[in-house]
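These numbers come from the heavy atoms of this one structure, side chains and all, not from hydrogens, waters or symmetry mates. Letters A, B, ... mirror the listed sequences (proteins, then strands); counts begin at 1.
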Amino acid sequence: MERVVLRTHYSNEINPGMDGEEVVVAGWLHERRDLGGLLFLILRDREGIVQVTLRKDKTSEELLERVRRLSKESVISVRGVVRSDKRAPNGYELIPREIKVLNVAATPLPLEVSGRIKSELDTRLDSRFLDLRNPRNREIFRIRSEVLKTIRSFLDERGFIEVNTPKIVAAATEGGTALFPISYFEREAFLSQSPQLYKQMMMATGLDRVYEIAPIFRAEEHDTTKHLNEATSADIEAAFVDHEWVMGVLEELVAFVYENIRERCGKSLEILGVELPEVKPPFERITYTEALELLTEHGVELEWGEDLSTPAEKTLGEIMGAHYFIVEWPTSVKPYYTMPFEGREEVCKAFDLMHPRVELASGSQRIHDYEMLRASIEKHGLSPESFKFYLEAFRYGMPPHAGWGLGIERLLMTMLEIENIREVILFPRDRRRLVP
RNA sequence: GCCCGGGUGGUGUAGGGGUCUAUCAUGGAGCCCUGUCGAGGCUCCGACUCGGGUUCAAAUCCCGACCCGGGCGCCA
């Protein structure tokens, strides 16, 4: 049986030097320009566009008829001969020998794929598959893929082991954020808000350095351009190190991601119209108390012990102007597993990595002493009983350890200067949106 | 959840008591055109979120619902 070839080349694999060669390209009918005796079809694939040129006097009536009324965004495969011509886009065009119509697109389209008429985000998300045919929107996801690869290779290089922890968990273990309850056979369970407890338990195994890139679920009813109810978190945890060490990993990672994306995603960045700034570690560090003083100087008053409000975060971002760390947080605003400073228990070894626009990551050195952790859980008004499975790991030899969690969507939106976080995730889940 | 703004053809918009038989662009249907590249020209098609109210008259004003955007809150 003969194999049907629907594609031999992507559009970017063809050049004017291939004049006379036969190729098969496949994609979507981006545009049709009928000049009467001349008909141009613009085919779009993942890598760009190809012009297919049909001359009325040199093309069979049958072929002309097939494409003349073909709707935009229909799927076609074109077998044709490359013809070098400087009048054509990219310097070449295809003279078709055969055009297969693989699927006809219905009309009218729910949005303008060309991007000539900008649709609202809501309209775009309703027809996300079409929205992502627009190169500008699609390239975000190429970069996203490259960012994830970069993070993996960076952490692999440093001896981290990738792990997968459960996303269905037994209880609202950490307190704080709201969880999504689900039905788990005869019991109630929850979607995991963070791999925190499990990655810490990994420190009691001897795996030493672990990371996980996975979804996190938060049932908060936030309604902003920087929150999602299902997001992606890159988490690390490392044993025999302190918070300073993991901060170093974090800032070097962020800088490496910028450098790598600049190097490997030049074309995508160009399509997005983004020029990545130089990001050089070490990032500036300010203590929580210093942050409050800075804010006071700029007319934003906060009580010591309060978490930063959105306006405070914005003002600080304007002052700092680049990535920075906020360190030495009040112990009271950070979770129970955070290690306080010895001798001044009111502050702890926690840090937030900030981009001028938004918080990117937070982490800390953890409490590794069983009794201390137990006491801290109680102090936070939580019950050690419900943390038994976690606490057990601290009874039989838990090394000192530290870690952080980095929001992938936050990283992407700040890197690519995208206003709404929903744009950097394929199918965002927010307060109102569950479909598609 | 609170505050502010909004909902007009498939998409994006103009219009803010009668002049609306509702503007423009894009799109769709069709015709013309041999070098388009946001092709061009001509013809046609297609809309006032829903429910109540005010008024001689409502896309326009009022009330409610639903939906959208922004700001905030919530969120280690």
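Across all strands shown, B:U13 forms no Watson-Crick or G-U wobble pair with both distances under 3.5 Å. Base pairing annotation: B:A29 forms a Watson-Crick or G-U wobble pair with B:U43, both donor-acceptor distances under 3.5 Å. Remark: B:C66 base-pairs with B:G7; criterion is Watson-Crick or G-U wobble with both hydrogen-bond distances under 3.5 Å. When Watson-Crick and G-U wobble pairs are counted only if both distances are under 3.5 Å, B:C61 pairs with B:G53.
In the set B:C75, B:G69, B:U36, the nucleotide with an atom closest to the side chain of A:Arg432 is B:G69. Considering only side-chain atoms of A:Pro89, the nucleotide from B:C33, B:U36, B:G73 that sits closest is B:U36. For A:Leu35, taking side-chain heavy atoms from C-beta onward, the closest of the listed nucleotides B:G28, B:G73, B:A39 is B:A39. When the nucleotides B:C68, B:U26, B:C72 are ranked by their closest atom to the side chain of A:Lys314, B:C72 comes out on top. Side chain of A:Ile117, nearest nucleotide from B:U26, B:G27, B:C68: B:U26. Minimum atom distance to the side chain of A:Arg33 is reached by B:A39, of the listed B:C75, B:U26, B:A39. Among the nucleotides B:G70, B:C75, B:G69, the one closest to any side-chain atom of A:Arg218 is B:C75.
Rounded to whole angstrom, the span from the NE2 atom of A:His227 across to the C1' atom of B:G71 amounts to 13 Å. The CD atom of A:Glu306 sits 16 Å away from the P atom of B:C72 (whole-angstrom rounding). Counting to the nearest Å, the P atom of B:G6 and the CD atom of A:Glu120 are 14 Å from each other. In this structure, A:Ile421 atom CD1 and B:C75 atom P are separated by 18 Å, rounded to whole Å. Rounded to an integer number of Å, the gap from CZ of A:Arg124 to P of B:G12 is 11 Å. One atom, CD of A:Gln51, and another, P of B:U36, lie 10 Å apart when rounded to the nearest Å. Per the geometry, CD belonging to A:Glu93 stands 14 Å off P belonging to B:C37, to the nearest Å. Here B:G38 presents its P atom at 15 Å from NZ of A:Lys118, a figure rounded to the nearest Å.
Side-chain atoms of A:Glu221 stay outside donor-acceptor range of the base of B:G73, with no qualifying N/O pair under 3.5 Å.
Between the P atoms of B:C56 and B:U23, the separation comes to 29 Å (whole Å). Rounded to a whole angstrom, the distance from the P atom of B:U8 to that of B:U36 is 38 Å. Separating the P atom of B:U49 from that of B:G6 is a span of 14 Å, rounded to the nearest Å. To the nearest whole angstrom, the two C1' atoms, one in B:A25 and one in B:C62, are 34 Å apart. Atom P of B:C31 sits at a distance of 41 Å from the matching atom of B:G69, rounded to the whole Å. Taking atom C1' in both B:U43 and B:G7, the straight-line distance is 32 Å, to the nearest Å. Between B:A14 and B:C50, the distance separating the two C1' atoms is 24 Å to the nearest Å.
At the heavy-atom level, A:Asp352 lies nowhere under 4.0 Å from the strands shown. Across all strands shown, A:Glu419 has no heavy atoms under 4.0 Å from either base or sugar-phosphate atoms. The residue A:Lys56 sits apart from the nucleic acid: no heavy atom pair falls under 4.0 Å. Nucleic acid contact class of A:Arg410 (heavy atoms, under 4.0 Å, all strands): none. Within the nucleic acid shown, A:Thr224 comes within 4.0 Å of at least one base atom, counting heavy atoms only. In this structure, A:Thr123 reaches the sugar-phosphate backbone alone: every heavy-atom distance under 4.0 Å involves primed, P, OP1 or OP2 atoms, never a base. Contacts of A:Thr225 with the nucleic acid, taken as non-hydrogen atoms under 4.0 Å apart, involve only primed sugar atoms and P, OP1 or OP2. Among the atoms of the strands shown, none is found under 4.0 Å from any heavy atom of A:Asn90. Residue-level contact check: A:Ala88 touches the bases, meaning some heavy atom is under 4.0 Å from a base atom. Residue A:Pro110 is classed as a sugar-phosphate contact, given heavy-atom separations below 4.0 Å to backbone atoms only.
Contact annotation: A:Arg69 side-chain N/O to B:G30 OP1/OP2 distance is under 4.0 Å. Taking side-chain N and O atoms only, A:Arg116 has no distance below 4.0 Å to OP1 or OP2 of B:U11. Proximity of A:Asn420 to the phosphate of B:G69: no side-chain N or O atom is located under 4.0 Å from OP1 or OP2.
In A:Glu13, the CD atom is crowded: over 12 heavy atoms of neighbouring residues, nucleotides or ligands sit closer than 6.0 Å. Counting heavy atoms of neighbouring residues, nucleotides and ligands inside a 6.0 Å radius, atom NZ of A:Lys118 does not exceed 12 of them.
In summary, the aromatic rings of A:Phe154 and A:Tyr211 are positioned with their centroids too far apart to meet the 6.0 Å limit.
Ion pairing between a basic and an acidic side chain is recognised when a charged N comes within 4.0 Å of a carboxylate O; A:Arg128 and A:Glu423 show no such pairing.
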ring-ring contact (aromatic ring centres under 6.0 Å, His included), that's the test. Do A:Trp304 and A:Tyr288 meet it? Break it down for me.
CA-CA 9 Å; A:Trp304 198 95; A:Tyr288 170 86; 5.6 Å; yes
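Using the six-membered ring where Trp is involved, A:His380 and A:Tyr336 have ring planes that are perpendicular, over 60° apart on the 30 and 60° scheme. Below 30°, between 30° and 60°, or above 60°: for A:His323 and A:His355 the angle between ring planes is above 60°, a perpendicular geometry.
With A:Phe141 as the aromatic partner, A:Arg144 does not meet the cation-pi criteria of under 6.0 angstrom to the ring centre and within 45 degrees of the ring axis.
Position along RNA chain B of the nearest nucleotide to A:Gly37 versus A:Pro108 favours A:Pro108 as the more 5'-ward residue.
In this structure, the side chains of A:Tyr337 and A:Ile367 stay at 4.5 Å or more apart for every pair of heavy atoms.
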